[in-house]
Amino acid sequence: MSALTPSKVACLGPEGSFSHEFAMARFPVATPIPAPDSFEEVVGMVKSGEADAAVLPFLNSNGVDVRPAQAAIANARDWICVNGCHPHQVVHNVVVAEGFSSLKRVVSKEQVFPQCTTWLGQWGDIEKVPASSTSAALKDLLVAAKEERQHTGAICNELAVSLYGGEIKWAGIQNPGNVTLFLVVSRQEPVAVESEALVCLTCPTEECYQSAVNDFALAGMPLKFTSLKGEFTANLPCFLQFHVEGRADDVAKLVGSAHRTLIGTFSEHDSLASCVAGFFDDNY
């Protein structure tokens, strides 16, 4: 598959989010289009043609799945194409507003708190308040009442501070080696011409799952990655990466069975398996 060079890239917003930060880093000459409401909206921009591609967080090195993003990909499985997986080093900072005196609560996107457990553990029973996004947490804090600003910090990145303001009071509070894996998606037809293929599996049973894994294995296409964590339901689909060696015709036959949809093809270097393996590399 030819390299993706989008001119417009959709990402979850508002501006200053980590998705926005990754979009700028991955596609520096493209125009990022932050969609503030949901991952479904981000994916919808690609479907409508408003964006050429989108970036979606999939998994964090602390073991946190970004389930809303995974669900948005699965819901678009009939047309979406995953072009590759890419790691992004995530740096969290506690940012405070004018009038701050002492820290009693932190506000951020819910998935951020498990990424900062070591630092947060030093604060005992500090209150953790979820927000719709990291940048939204900062924006809301900057206009909050004086009483809230005195004892609240927003956890976000430097990009958000450069856009909205605030003071970084504690920098780099994330757990060591904090990495989020982002998927790049487009509307290119996923044909298994690369070495790795990604299959979305909406299996309702363990037997259905094992059948898919076994069928690919018998065809000489071993399983390289699975997102399965013991749940078999169409509402929480599973993503499987197989090493297919570019055997497009054979893959097409295997995904002809129920509950299996080919949604991506990419090189081994840009694969989920390779990125997850990088979690255990000290030089990652």
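In what follows, residues are counted from 1 in the order of the sequence shown. Remember, it's a predicted structure, so these values are computed and weren't measured experimentally.
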For this session: Would you name the heavy atoms of Pro130 and Glu110 that are closest together and state the gap between them?
Result: CB-CB, 4.2 Å
Exercise. Is the backbone N or O of Glu15 less than 3.5 Å from a side-chain atom of Tyr164, with the two atoms forming a donor-acceptor pair by type?
Worked result: yes
Exercise. Which value, rounded to the nearest 0.5 Å, describes the distance between Tyr209 atom OH and Thr202 atom OG1?
Worked result: 14.0 Å
For this session: Run the numbers on Arg26 and His86 for side-chain contact (heavy atoms from CB on, under 4.5 Å), then give the verdict.
Result: CA-CA 9 Å; Arg26 182 67 191 171; His86 307 280; 2.9 Å; yes
For this session: Mind listing the closest non-hydrogen atom pair of Ala72 and Val43 along with its distance?
Result: CB-CG2, 4.0 Å
For this session: Kindly work out whether a path of hydrophobic side-chain contacts (I/L/V/M/F/W/Y, heavy atoms less than 4.5 Å apart) joins Val161 to Ile155.
Result: no
Problem set entry | Working for side-chain contact (heavy atoms from CB on, under 4.5 Å), residues Asp270 and Cys85 | CA-CA 5 Å; Asp270 293 333; Cys85 177; 5.9 Å; no
For this session: Tell me whether Met221 is reachable from Leu223 by hopping between hydrophobic residues (I, L, V, M, F, W, Y) whose side-chain heavy atoms are closer than 4.5 Å.
Result: yes
Exercise. Between Phe18 and His92, is the gap from one ring center to the other below 6.0 Å?
Worked result: yes
For this session: Mind listing the closest non-hydrogen atom pair of Val66 and Pro57 along with its distance?
Result: CB-O, 3.4 Å
Exercise. With a 4.5 Å limit on heavy-atom distance, are the side chains of Ile73 and Leu183 in contact?
Worked result: yes
Problem set entry | Polar side-chain atom of Arg77 near backbone of Arg260 as donor-acceptor pair, under 3.5 Å | no
Problem set entry | Nearest-0.5 Å distance that lies between atom OG in Ser108 and atom CG in Leu138 | 10.0 Å
Exercise. Does the side chain of Ile80 reach to within under 4.5 Å of the side chain of Val46, using non-hydrogen atoms?
Worked result: no
Problem set entry | From Lys128 atom NZ to Cys116 atom SG, the distance as rounded to the nearest 0.5 Å | 10.5 Å
Problem set entry | Polar side-chain atom of Ser211 near backbone of Glu207 as donor-acceptor pair, under 3.5 Å | no
For this session: Please examine the side chains of Val90 and Gln174, heavy atoms only from C-beta on, and report whether any two atoms are closer than 4.5 Å.
Result: no
Problem set entry | Cluster overlap Ile263 with Val276, hydrophobic side-chain contacts below 4.5 Å | yes
Exercise. Taking the side chain from Gln150 and the backbone from Ser101, do they hold a donor-acceptor pair closer than 3.5 Å?
Worked result: no
Problem set entry | Residues, nucleotides or ligands: over 12 heavy atoms within 6.0 Å of Lys109 NZ | yes
For this session: Just say parallel, tilted or perpendicular for the rings of Phe22 and Phe182, cut-offs at 30° and 60°.
Result: parallel
For this session: Can you measure from CG (Leu159) to CD (Glu21) and round to the nearest 0.5 angstrom?
Result: 6.0 Å
Problem set entry | Stepwise salt bridge (charged side-chain N to carboxylate O under 4.0 Å, His left out) test for Asp52 and Arg187 | CA-CA 8 Å; Asp52 308 308; Arg187 286 207 63 164; over 6 Å; no
Exercise. Between Ser48 (side chain) and Met45 (backbone), is there a donor-acceptor pair under 3.5 Å?
Worked result: yes
Exercise. So do Cys200 and Cys238 have their SG atoms closer than 2.5 Å?
Worked result: no
Problem set entry | Side-chain donor or acceptor of Ser61 paired with backbone N/O of Val179 under 3.5 Å | yes
Exercise. Is there a side-chain contact between Val42 and Leu56, using heavy atoms and a 4.5 Å cut-off?
Worked result: yes
Problem set entry | Cys81 and Glu189, any side-chain heavy atoms less than 4.5 Å apart | no
For this session: Mind listing the closest non-hydrogen atom pair of Trp119 and Val94 along with its distance?
Result: CH2-CG2, 3.7 Å
Exercise. Ser38: what forms a side chain to side chain donor-acceptor pair (under 3.5 Å) with it, not counting sequence neighbours?
Worked result: none
Problem set entry | Within one Ile-Leu-Val-Met-Phe-Trp-Tyr cluster: Val107 and Phe113, side-chain cutoff 4.5 Å | no
Exercise. Sub-3.5 Å donor-acceptor pair from the side chain of Ser135 to the main-chain atoms of Pro14, do we have one?
Worked result: yes
Seminar exercise, completed: By salt bridge (charged side-chain N to carboxylate O under 4.0 Å, His left out), Arg149 pairs with (sequence neighbours left out) none
Problem set entry | Interatomic distance, Thr118 atom OG1 to Asn175 atom CG [nearest 0.5 angstrom] | 4.0 Å
For this session: Please confirm whether the backbone N or O of Ala192 pairs with a side-chain atom of Thr265, one donor and one acceptor, at under 3.5 Å?
Result: no
Problem set entry | Any side-chain donor near an acceptor of the partner, Asn178 and Gln115, under 3.5 Å | yes
For this session: Find out if a path of hydrophobic residues (ILVMFWY) with successive side-chain heavy-atom gaps under 4.5 Å connects Ile33 to Val9.
Result: no
For this session: Would you sort out whether Thr134 and Val112 count as a side-chain contact (heavy atoms from CB on, under 4.5 Å), showing the intermediate values?
Result: CA-CA 8 Å; Thr134 54; Val112 166; 3.7 Å; yes
Exercise. Name the one of His243, His269, Lys224 that satisfies side-chain hydrogen bond (donor to acceptor under 3.5 Å, both in side chains) with Glu196?
Worked result: His243
Problem set entry | Side chain proximity check, Thr261 to Val255, heavy atoms < 4.5 angstrom | no
Exercise. Counting only heavy atoms not in Glu158, do more than 12 fall under 6.0 Å of its CD?
Worked result: no
Problem set entry | Least distance between heavy atoms, Val191 atom then Ala248 atom | CG1-CB, 4.0 Å
For this session: Report yes or no: does Ser227 contribute a side-chain atom to a donor-acceptor pair with the main-chain N or O of Phe239 at less than 3.5 Å?
Result: yes
Problem set entry | Non-hydrogen side-chain atoms of Val244 and Asp250 separated by less than 4.5 Å | no
For this session: State, without any angle test, whether Gln111 and Asn60 hold a side-chain donor-acceptor pair at a distance under 3.5 Å.
Result: no
For this session: Verify, without hydrogens or angle tests, whether His88 (side chain) and Thr180 (backbone) share a donor-acceptor contact under 3.5 angstrom.
Result: no
For this session: Could you give me the CA-CA distance, side-chain angles and deciding distance for Glu167 and Phe100, then say whether side-chain contact (heavy atoms from CB on, under 4.5 Å) is met?
Result: CA-CA 10 Å; Glu167 176 192 353; Phe100 175 81; over 6 Å; no
For this session: Could you tell me whether the side chain of Leu103 reaches within less than 4.5 Å of the side chain of Ile126, counting heavy atoms only?
Result: yes
Seminar exercise, completed: The reported gap from CZ in Phe39 to SG in Cys11 (rounded to nearest 0.5 angstrom) is 10.0 Å
Exercise. Which heavy-atom pair separates Val96 from Gly153 by the least distance, and what is that distance?
Worked result: CG1-CA, 4.3 Å
